[in-house]
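Since the structure comes first, as structure tokens, the remarks are kept for the end.
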Amino acid sequence: TNMLADWLGDKVKKIQENATLVGGAFLLILIVVVFLFVRQNRLAGAASEGWTRFQQSRAAGLVALNQQQPLALNNAVRDLESLAREYADAPIAAYANLTLGDLQLQNGRMQYSLNKTAAQEAFQSATGYYQAAATSTQSDNIKNQARYCEGKALEWQLKLSQAKAVYQKVTGPYQPEAEERIRNLDRQGTDAFYKQYAAWKPKPKPTEEKRYDDVDFKLEDQSAPLSAEIEAAI
């Protein structure tokens, strides 16, 4: 008796009897695999698009600050806020909030001597963004960076005790800098200095002052040769 042939024959017979069930199960597994593959590709594509938008918005915000363009800065801020909402459960949200905090902190610094009200609003916004960045991430590095920068934003608002409390939560690479800020805040006279600086107002520039008083603009000969000093310098 060929036992192997009988065993194979029995197995083939059972497979034939259950062919519909086996085929259906295989098809279901195949559909699930294809669905997961397509879904993963879509998620990866969405994440890639999000990071591209983040880099573009961040660059636009930095350029707007550098060139002092308030409208362009507001547009960049809106774009980053939109990204933070759309990708609330992804790392992009924390990076977007951290960048928003940095932009508003720098904006407040630039506004401080010109418009203290606008500067304080920027510092308050920066504080909120840094808090959002710290609470929306699992990354210790981003969390500590956000807390350290939040402390600086609070200092600009003269909330020195709150700043110290935030600095005390900072660990990792930013901890030495946070501890240095705490020591500076503990120095005698720091509070008075901050209040004095907050009350300082720049002197208005004289409007009737003549510029280039020693220059004679009544040049008759436009093709006059350069002076010996300039020629020597050239």
Side-chain angles (χ1 to χ4, degrees), residues 51 54-55 57-59 61-62 64-66 68 70 73-74 76-81 83-85 87-202:
W51 284 115
F54 166 74
Q55 294 292 351
S57 300
R58 179 178 180 274
L62 292 174
L65 275 178
N66 185 52
Q68 298 183 14
L73 178 61
N74 288 337
V77 166
R78 282 199 298 268
D79 291 341
L80 288 166
E81 288 177 337
L83 278 171
R85 288 191 299 269
Y87 296 88
D89 298 326
I92 296 178
Y95 280 96
N97 281 314
L98 188 63
T99 301
L100 283 164
D102 291 342
L103 291 176
Q104 291 291 19
L105 181 60
Q106 184 61 20
N107 182 34
R109 287 172 171 170
M110 295 173 66
Q111 296 264 16
Y112 199 76
S113 61
L114 304 173
N115 187 337
K116 284 189 171 58
T117 301
Q120 289 300 320
E121 291 175 356
F123 293 139
Q124 290 172 5
S125 296
T127 301
Y129 290 132
Y130 286 133
Q131 291 173 347
T135 56
S136 65
T137 182
Q138 299 297 322
S139 170
D140 290 336
N141 186 57
I142 296 177
K143 190 174 296 185
N144 286 304
Q145 183 179 351
R147 285 173 175 167
Y148 174 70
C149 293
E150 180 190 349
K152 292 196 291 185
L154 289 168
E155 282 192 57
W156 280 98
Q157 298 172 69
L158 300 185
K159 299 177 180 179
L160 305 187
S161 59
Q162 294 182 36
K164 285 173 58 177
V166 173
Y167 285 139
Q168 289 169 352
K169 298 178 182 179
V170 177
T171 60
Y174 291 91
Q175 185 173 358
E177 296 183 45
E179 291 175 346
E180 178 64 22
R181 295 305 312 145
I182 293 174
R183 286 192 292 271
N184 288 337
L185 292 175
D186 285 337
R187 288 177 181 173
Q188 187 176 5
T190 298
D191 186 69
F193 166 78
Y194 268 99
K195 290 180 179 178
Q196 208 172 27
Y197 184 69
W200 172 80
K201 294 181 180 179

Review point. Who are the side chain to side chain contact (heavy atoms under 4.5 Å, CB included) partners of Glu179, not counting sequence neighbours?
Key: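 Counting only residues at least two positions away or on another chain, Glu179 forms a side chain to side chain contact (heavy atoms under 4.5 Å, CB included) with Gln175, Arg183.
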Practice item. Go through the structure and list residues passing salt bridge (charged side-chain N to carboxylate O under 4.0 Å, His left out) with Arg85, not counting sequence neighbours. Key: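 Partners of Arg85 by the salt bridge (charged side-chain N to carboxylate O under 4.0 Å, His left out) criterion come out as none, since no residue qualifies.
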**Study point:** Over-ring placement of Lys169 relative to Tyr167, 6.0 Å and 45° cut-offs
**Key:**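 No, Lys169 and Tyr167 do not form such a contact.
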Nearest heavy-atom neighbours spanning [X] and [Y]:
X	Y	value
Ala119	Gly108	CB-O, 3.4 Å
Ile142	Ala133	CG2-O, 4.5 Å
Ala84	Ala93	O-CB, 3.7 Å
Ser57	Leu83	OG-CD1, 4.5 Å
Trp156	Leu105	CD1-CD1, 4.1 Å
Leu80	Ala96	O-CB, 3.7 Å

Point to revise | Donor-acceptor contact below 3.5 Å, side chain Asn66 vs main chain Leu62 | key: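 Flag not set: sc Asn66 to bb Leu62 has no pair under 3.5 Å.
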Check your understanding: Can you find a pair of side-chain heavy atoms, one from Thr171 and one from Asp140, that are under 4.5 Å apart?
Key ->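 Result no, sub-4.5 Å side-chain heavy-atom pair not found.
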Exercise for review: Please examine the side chains of Tyr87 and Ser136, heavy atoms only from C-beta on, and report whether any two atoms are closer than 4.5 Å.
Suggested key: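 Not touching, per the 4.5 Å side-chain cut-off.
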Value rounded to 0.5 Å, distance of [atom1] in [X] from [atom2] in [Y]:
X	Y	atom1	atom2	value
Ser139	Tyr95	OG	OH	5.5 Å
Leu100	Glu81	CG	CD	5.5 Å
Thr137	Leu98	OG1	CG	9.5 Å
Gln124	Leu154	CD	CG	10.0 Å
Thr127	Gln157	OG1	CD	4.0 Å
Gln104	Leu73	CD	CG	6.0 Å

Check your understanding: Do the side-chain N and O atoms of Tyr130 and Asp102 include a donor-acceptor pair separated by under 3.5 angstrom?
Key ->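 Yes.
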Practice item. Report yes or no: do Glu177 and Tyr148 form a side-chain donor-acceptor pair below 3.5 Å? Key: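 Note: Glu177 and Tyr148 side chains meet the donor-acceptor criterion.
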Practice item. Could you tell me whether Phe123 atom CZ has more than 12 heavy atoms of other residues or ligands within 6.0 Å of it? Key: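 Check passes, neighbour count above 12.
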Check your understanding: Restricting to pairs with a member in residues 142-166, which pass salt bridge (charged side-chain N to carboxylate O under 4.0 Å, His left out), not counting sequence neighbours?
Key ->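 Residue pairs passing salt bridge (charged side-chain N to carboxylate O under 4.0 Å, His left out), neighbours aside: Glu155-Arg181, Lys164-Asp186.
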